[in-house]
Amino acid sequence: MAIVTPGLSWNPSLVRAAEGARPVVEAYVWDHLDPWTNSSGSAHLLAEAGFDVKPLPRDRSPWGLSGLIFIGSFASEDPAYKGYMRKYAEDLYKFVDDGNVLVQMTQADQTESRPPFLPTTLEARRCDTDSSIAYVLSKNHTLVKDLAVDEGKLQLNAERLGWETFDRQDGFEVILCSDDFASHPILMEGAYGQGRIILAAMHIDKLLDADGKVTVEPQRKRLGQQFAKNLWKHVQDVDARTAKAIEVTPSPRVQRSFVAGSWTLALLPDTQVYSVRYPGLFSAQTAWLRAHAKSRNIQYVLHLGDITDNNAEKEWQRAAESMQLLDGQIPYAIVGGNHDYGPSGDASTRETFLNQYFSFEKMAAMPSFGGAFEPGKLDNTYHLFEVSGQKWIVIALEWGPRDEAVAWANDVMAKHPDRKGILVTHAYLFSDSRRYDHADQTHPNHWNPHHYRTPGGVNDGQELWDKLIRKHNFVFTFNGHVLNDGTGYRADRNDNGQYVHQILANYQMQTLGGEAYLRLLEFDPNGNTVHVLAYSPLYDRYRLDRDHTFTIQLDQAPADQPADNESVPVSGATSSLRGPTIRKSANKVEATQ
């Protein structure tokens with residue numbers, strides 16, 4: 001018989017009842033019949049693997065338990081979950097510190113993007129990207145032992161294996177990933193104290209329907225069973241301090257090498273939160289652009305509006321100081337957003353401090369400055385530049401452009417038919433990749449310019465398309481403004497058959513008001529291939545999910561959009577990392593604007 005001496009460190013869940021007997025490994029499980037899958041099965045799966053399964057006590061701290069805490073897929077949908085995490089999240093990693101294992105299976109990123117129990121030494125964030133293939137990056141890890149691997153990959157036919165994968169991790173070893181760049185982990189493990197935290201983007205624990213009947217197909221069932229068996233062994237190894245040491249997988253930092261002869265167009269989406277709370281992040285963006293102006297051949301910087309949050313002078317002062325880092329280094333154009341107009345940024349008037357804190361004379365002195373709609377005002381301007389033998393024109397239009405501003409833009413474009421056009425305005429494309437259209441009652445039009453009290457009349461995205469964009473040689477439109485996931489993309493032919501690539505980018509709803517992410521468009525020397533990237537100088541990291549990183553051909557529609565079809569929006573063009581695109585769902589969790 002094993003003897004346990006009082007006062008010595010020993011995990012009671014692994015005490016052997018007799019020499020040579022199978023150890024008792026306790027598993028405290030949060031199993032949930034969720035509305036996403038209408039299934040459960042965590043407890044069933046672990047019990048089958050040999051765990052002594054018990055429900056995770058929800059009325060007391062987990063600190064003091066031993067063995068395994070297993071949070072099943074979509075448990076965060078349980079009404080009791082948030083309250084539990086508010087009370088005991090810190091105690092969960094204290095449980096880990098004692099030499100135990102905490103596993104969380106996949107959760108909906110709309111409900112919980114960041115696991116609340118992570119200590120400061122670990123970081124992870126879920127996203128919408130799914131995958132039917134999992135690359136095995138840690139081939140000798142106990143958790144992948146005896147899994148059905150073919151040429152270094154797991155695959156469940158056409159079924160999603162990775163569901164709500166991660167687009168960020170720090171401090172984890174990536175075990176399974178949706179690509180071999182470690183950019184979208186599916187299974188990863190981090191160390192804390194003497195224990196381990198395992199995060200998964202798999203729902204292989206969902207085996208039983210509402211009646212308790214096993215409904216999954218055999219291949220997925222076998223995968224779940226083997227994973228549970230491996231987990232049983234791994235919990236013992238962690239307790240015995242014999243588990244393989246964590247080898248932290250670096251987060252993807254360089255998505256692609258900058259190609260000699262390329263040039264870069266940079267976009268600054270809504271900086272409003274930086275101006276009111278984190279001015280250092282605004283300056284971090286412009287300082288990085290300045291520092292890399294030559295190495296990245298940055299030709300122009302375009303601010304997409306909502307420079308400030310409340311149209312307050314202190315915010316404008318901060319914004320101007322950040323943008324001044326570009327003076328004499330990189331030419332730039334700015335547009336106002338709804339938060340840049342009216343009292344407290346409510347857009348009920350067209351009064352703004354824009355022209356007080358950004359000098360018309362200074363911008364007009366830029367060699368690339370073409371002119372303005374109203375003398376002495378920067379609300380509507382145009383800019384001319386040439387690079388690699390191509391002539392470009394930027395039309396920068398005010399929030400909810402008035403008809404007079406649109407007529408002026410038409411006149412400017414008509415006078416420059418030899419130039420490729422770029423339209424910048426704050427509100428144009430929505431997050432479902434449809435243009436704002438106040439006449440369309442079947443699709444969301446949240447935060448449409450027509451819904452504000454802005455005087456003088458406004459034009460939304462569809463009106464700008466019909467009155468201006470389709471008539472001229474526009475190649476791009478860029479806008480911010482929209483919340484939800486803050487991304488959108490579509491390509492449509494104009495009246496002359498030229499594709500117009502329309503892009504939404506906004507990061508303000510993320511942590512710290514956007515984490516300093518900006519957009520970089522790198523134009524290859526061939527002049528036709530453009531790589532769209534999302535980069536944060538704060539983290540020195542690229543976002544690699546499809547809505548943020550993709551490659552387009554200027555003379556082609558995306559592969560998943562029928563040619564000449566203006567009614568089908570898409571989420572992105574051909575990805576430079578992962579092949580075909582996916583369509584964006586309109587069923588996003590919506591924030592307020």
Side-chain angles (χ1 to χ4, degrees), residues 265-276 278-290 293 298-345 347 349-385 393-402 405 408-409 412 422-427 454 478-481 508 513 518:
L265 180 68
L267 310 180
L268 290 173
D270 307 44
T271 56
Q272 60 197 82
V273 180
Y274 306 148
S275 295
V276 73
Y278 311 110
L281 295 186
F282 198 162
S283 295
Q285 292 179 313
T286 52
W288 185 90
L289 292 170
R290 174 177 176 146
I298 302 173
Q299 292 290 317
Y300 237 88
V301 177
L302 307 177
H303 198 299
L304 306 186
D306 274 0
I307 302 167
T308 67
D309 194 45
N310 301 291
N311 191 27
E313 291 198 65
K314 184 64 175 179
E315 296 171 31
W316 281 108
Q317 179 184 346
R318 291 169 172 171
E321 290 173 353
S322 295
M323 291 298 293
Q324 283 171 7
L325 295 176
L326 301 178
D327 290 349
Q329 305 295 317
I330 312 172
Y332 58 88
I334 56 177
V335 298
N338 53 299
H339 282 272
D340 299 320
Y341 290 92
S344 299
T349 75
R350 288 194 179 269
E351 295 177 355
T352 177
F353 288 109
L354 167 65
N355 296 295
Q356 180 174 329
Y357 285 89
F358 285 82
S359 167
F360 181 88
E361 290 73 19
K362 184 173 67 175
M363 185 168 286
M366 294 181 185
S368 57
F369 186 80
F373 168 49
E374 298 169 294
K377 290 188 175 183
L378 296 174
D379 303 64
N380 299 279
T381 58
Y382 75 94
H383 309 255
L384 306 169
F385 68 99
I393 180 171
V394 176
I395 303 290
L397 293 183
E398 63 192 2
W399 154 256
R402 294 163 286 172
W408 167 81
V412 171
I422 299 171
L423 177 73
V424 183
T425 192
H426 186 57
T454 310
F478 301 120
N479 72 279
H481 182 56
Q508 71 180 85
L518 48 82

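Residue numbers run from 1 in the order of the sequence given.
Between atom CD1 of residue I307 and atom CG of residue D340 there is a gap of 5.0 Å, rounded to the nearest 0.5 Å. Interatomic distance, OG1 of T271 versus CZ of F282, reported as 3.5 Å (0.5 Å rounding). The CD1 atom of I334 lies 8.0 Å from the NE2 atom of H303; values are rounded to the nearest 0.5 Å. Distance check, rounded to the nearest 0.5 Å: CG of L354 to OH of Y341 gives 6.0 Å. Atom OH of Y274 and atom CZ of R318 lie 14.5 Å apart (nearest 0.5 Å). In this structure, N355 CG and F360 CZ are separated by 8.5 Å, a value rounded to the nearest 0.5 Å.
Heavy atoms only, all atoms of each residue included: E315 and V276 are closest at OE2-CG2, 3.4 Å. Taking all atoms of both residues into account, the shortest heavy-atom contact from H339 to D306 is N-OD1, 2.8 Å. Taking both residues in full, the closest heavy atoms of L302 and F478 are given as CD1-CD1, 4.0 Å, listed atom of the first, atom of the second, then distance. Residues A396 and V335 share a closest heavy-atom pair of CB-CG1, 3.4 Å. The minimum heavy-atom distance linking S275 with A319 is given by the pair OG-CB, 3.7 Å. Closest of all the heavy-atom pairs between P269 and L518 is CD-CA, 4.2 Å.
In this pair, W408 and F373 present their aromatic rings tilted. The plane angle is within the 30 to 60° band.
Within 6.0 Å of atom CD in E351, 12 or fewer heavy atoms from other residues, nucleotides or ligands are found, so the atom counts as exposed in its surroundings. No more than 12 heavy atoms of other residues, nucleotides or ligands sit less than 6.0 Å from atom NZ of K377.
Under the side chain to side chain contact (heavy atoms under 4.5 Å, CB included) criterion, T454 pairs with A347, R350, W399, Y452, V458, not counting sequence neighbours.
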- Message: What verdict does the side-chain contact (heavy atoms from CB on, under 4.5 Å) test give for H481 and L304, after you've listed the backbone C-alpha separation in whole Å, the side-chain angles of each residue and the deciding distance to 0.1 Å?
- Response: CA-CA 8 Å; H481 182 56; L304 306 186; over 6 Å; no
- Task: Verify side-chain contact (heavy atoms from CB on, under 4.5 Å) between E321 and Q317, making sure each step is shown before the conclusion.
- Result: CA-CA 6 Å; E321 290 173 353; Q317 179 184 346; 3.4 Å; yes
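Between S368 and Y300 there is a side-chain heavy-atom pair separated by less than 4.5 Å. Inter-residue side-chain proximity for H383 and Y332 is flagged as unmet; no heavy-atom pair is nearer than 4.5 Å. P343 has its side chain within reach of T349: a pair of non-hydrogen atoms, C-beta onward, lies under 4.5 Å apart. Using a 4.5 Å cut-off on side-chain heavy atoms (C-beta onward), Q356 and W316 make no contact. Looking at heavy atoms from C-beta onward, L325 lies out of side-chain contact with L289 at the 4.5 angstrom threshold.
Not a single donor-acceptor pair under 3.5 Å links the side chain of T286 to the backbone N or O of L326.
In summary, the side chains of T425 and N479 do not present any donor paired with an acceptor at a separation below 3.5 Å, with no hydrogens or angles considered.
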